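What's counted below: heavy atoms across the whole structure, side chains too, no hydrogens, waters or symmetry copies. The shown structure was predicted, so the numbers you read here are calculated from the model rather than taken from an experiment.
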2 protein chains.
Amino acid sequence: MAARVRIKDVAAHAGVSPKTVSNVLNDYEHVAPATRAAVRESIEALGYRVNLAGRQLRRGRTGMITLAVPELDVAYFSELAKHVMTAAERRGCTVLLHQTDGRRDRELAALSGFEAQITDGVVLSALTLTARDLAERAPHLPVVLLGERHGDGTLDHVGIDNVAAAREATAHLLARGRRRIAVVGGALRGRQGTDRLRTLGYREALRAAGVPFDGELVVPVDAFHWLDGARAARALAERPEPPDALLCLNDHLALGAVRALYEYGLPVPGALDVVGFDDIEAARFTIPTISTIAPDKEGIARAAVDLLLDRIERPDRESGPSHHVAGYRLIVRESSGG
Amino acid sequence: MAARVRIKDVAAHAGVSPKTVSNVLNDYEHVAPATRAAVRESIEALGYRVNLAGRQLRRGRTGMITLAVPELDVAYFSELAKHVMTAAERRGCTVLLHQTDGRRDRELAALSGFEAQITDGVVLSALTLTARDLAERAPHLPVVLLGERHGDGTLDHVGIDNVAAAREATAHLLARGRRRIAVVGGALRGRQGTDRLRTLGYREALRAAGVPFDGELVVPVDAFHWLDGARAARALAERPEPPDALLCLNDHLALGAVRALYEYGLPVPGALDVVGFDDIEAARFTIPTISTIAPDKEGIARAAVDLLLDRIERPDRESGPSHHVAGYRLIVRESSGG
DNA sequence: CCACGTGGTTACATCGATGTAAATACCCTG
DNA sequence: CAGGGTATTTACATCGATGTAACCACGTGG
């Protein structure tokens, strides 16, 4: 703060005009080598650093993008954030992280609030927003959706094939002879989210195997943390007719469930099999290790950043929205006999 | 982008001067109620949003602070980040998250790079920087250090009493009759970090109990992830004279170690006791649950934000640096007989 | 020897919001 | 109703960097 050096100070020190300093800063080609050197020297001598507010004001770009996720302490999102930051850095921009807590107002804030203001675009992992919200709130803001395409799919979007992934995970459990498979975190209706699609895949797998669907086995949760998985598993364990396997819609739920079952004397994979989603680091090191659907997080991050930067660079481009489908693998570990 | 609304558009629409609109925006008191209402209406009608670049340029403040941590996918940091964001929001500012990967260049970047530029101050959890780096690189930048006070302690700092915490954890293991306690992630010399201090506390506890110190039991690690804990535990398990307890300098290490020991047929807490640090959510739900030192993360976050904002608001205040010592508790869980 | 082109440099306006200070409108007191 | 405030509004300059366009000094081709 104290005595900040401005471009004009550098200009004075080097005996040139401010604009010439600017030209040097921006690698404008027609600057005499001697001048360039002198300016560089003055910059060094005075410890000059560009003021980004000034630059942004003039240029209209910040070089920052927002990544808005529900919760950073859900490992999937912090791991994903890491990849997004890496991808962004490679493309020369910086990531501003915004946490929505899955709340509608905070998701809207990601689109029109502070972050959106100082940012050139948003990668949004939305839980509550509808297509209409998105269209209304930020008609001109470049946005890429993560997870699920919302509504009419008019926005760019990156995700895995959740239906297929859930189908595959369920088929795996069925192949192991499980018949009463609960879906922890599942949803039959309501928000148009990933949970709905995964539940759909689950039902498809049941149908394909000729196993009747039991709505009682779709267990909603408040959040996707260890605690919620433990709660859900407890409730299931106390039923007169407990399930023989759990399809948990993320690994935290799976891990919490495994612990709760353990407390009920129901070992995994002995008494029940458990499969999760996300392949967070924990899943590889717990007792037991957790079978899971492993999405290609790096691919997702890279695709999201690329798509967003494309939109930012060519906002006029009226080409329709892109939908990038990233890969995933089912990894069978101890929790389902691996 | 397309046809952005500026303050002067609102002014024209409302039939007042731009400055009056500005006054309404900033809740200047001497604005006639009718005028205020009219301006508000125009703002609404046109969908106006302030341009932060312009505002910042004029005001010299951004209302953003940087939080720089080594890794977001270390749960302690993502949980802490969550609290910092909450604390910052309560004080009306926004957090820009910067990941250093524990690399020196990226820690320096947090002080003088892009983020520091557009940010009013930095909360830094540094691994490699020295006091000199900090003084040289950012003499005028408000900074609060997390974790360990570096060097001469000339900067504001927030942390727990790591020596006491490690002493207490070690004493707990000793009280359970353990005598060969390894320190996973420990360090005898080198970086002036938290690891050094915790190792120091460990030694103090040994000395107090009259147990001889064995340098072989201080096991450094590459990083503080599950994988590194597992590796370290494996190496220890294969020694001719394995330890009978592990003091792991974070919970990830503890969890990874527990898993590796399990694979060696060394159950925790049967064969060895294990204690970690940080009390991440996982520690409460794994099998076994993990004893740990639980720092008051919320208190740390709040103190850091408060201290930083104080510095930002009163940069002239030449009062010496503040050192806030946050609380912690030893939570005994299954991994050490709880 | 002139017109013209090109490299190098600069004056000026501008991005959008706001602090300063001055202008205008309004109200009360005596 | 004049004088002296107070409330409200506004003109203008400014924050720092950069796009535009003009300028100067050469050198070259004709």
Take the protein atom [atom1] of [X] and the nucleotide atom [atom2] of [N], then report the distance between them rounded to whole Å.
{"X": "A:Lys19", "N": "C:dA13", "atom1": "NZ", "atom2": "C1'", "answer": "12 Å"}
{"X": "B:Glu29", "N": "D:dT6", "atom1": "CD", "atom2": "C1'", "answer": "12 Å"}
{"X": "B:His30", "N": "C:dC26", "atom1": "NE2", "atom2": "C1'", "answer": "14 Å"}
{"X": "B:Asp27", "N": "C:dT18", "atom1": "CG", "atom2": "P", "answer": "11 Å"}
{"X": "A:Asn23", "N": "D:dT18", "atom1": "CG", "atom2": "C1'", "answer": "9 Å"}
{"X": "B:Tyr28", "N": "D:dT10", "atom1": "OH", "atom2": "P", "answer": "13 Å"}

Is B:Glu298 paired with B:Arg302 through a side-chain N to carboxylate O contact shorter than 4.0 Å?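 Yes, B:Arg302 and B:Glu298 are salt-bridged.
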Just the atom pairs and distances: protein N or O near nucleotides 15-17 of chain D's N or O, under 3.5 Å.
| from | atom 1 | to | atom 2 | distance (Å) |
| --- | --- | --- | --- | --- |
| D:dG16 | N2 | A:Gly54 | O | 3.2 |
| D:dA17 | OP1 | A:Tyr48 | OH | 2.3 |
| D:dA17 | OP1 | A:Asn51 | N | 3.0 |
| D:dA17 | OP2 | A:Ile7 | N | 2.6 |

Would A:Ser78 and B:Ser78 satisfy side chain to side chain donor-acceptor pair (under 3.5 Å), going step by step from the backbone distance to the final call? CA-CA 7 Å; A:Ser78 60; B:Ser78 60; 4.7 Å; no
Just call it for B:Val16: base, sugar-phosphate, or nothing, with non-hydrogen atoms closer than 4.0 Å on any strand.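 Sugar-phosphate contact only - B:Val16 comes under 4.0 Å of backbone atoms but never of a base.
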When you check the phosphate oxygens OP1 and OP2 of D:dT10, does a side-chain N or O of B:Thr20 lie under 4.0 Å from one of them?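 The answer is yes; a side-chain N or O of B:Thr20 sits under 4.0 Å from OP1 or OP2.
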Pairwise distance CG(A:Leu72) to NZ(B:Lys82) - rounded to 0.5 angstrom: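 Between atom CG of A:Leu72 and atom NZ of B:Lys82 there are 8.0 Å.
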Going from CG on B:Leu96 to CE on B:Met85, what distance comes out if it is rounded to the nearest 0.5 angstrom?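 Those atoms lie 8.5 Å apart.
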From C-beta outward on B:Val31, which listed nucleotide comes closest to its side chain: C:dG7, D:dT9, D:dT20?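 The closest nucleotide is D:dT9.
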Residue among A:Val16, A:Thr35, A:Val39 satisfying side-chain contact (heavy atoms from CB on, under 4.5 Å) with A:Val24: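 The single option meeting the side-chain contact (heavy atoms from CB on, under 4.5 Å) with A:Val24 is A:Val39.
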Flag the pair A:Thr119 / A:Leu141 as yes when at least one side-chain heavy-atom distance between them is below 4.5 Å, and no otherwise.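 Of all side-chain heavy-atom pairs linking A:Leu141 with A:Thr119, none is under 4.5 Å.
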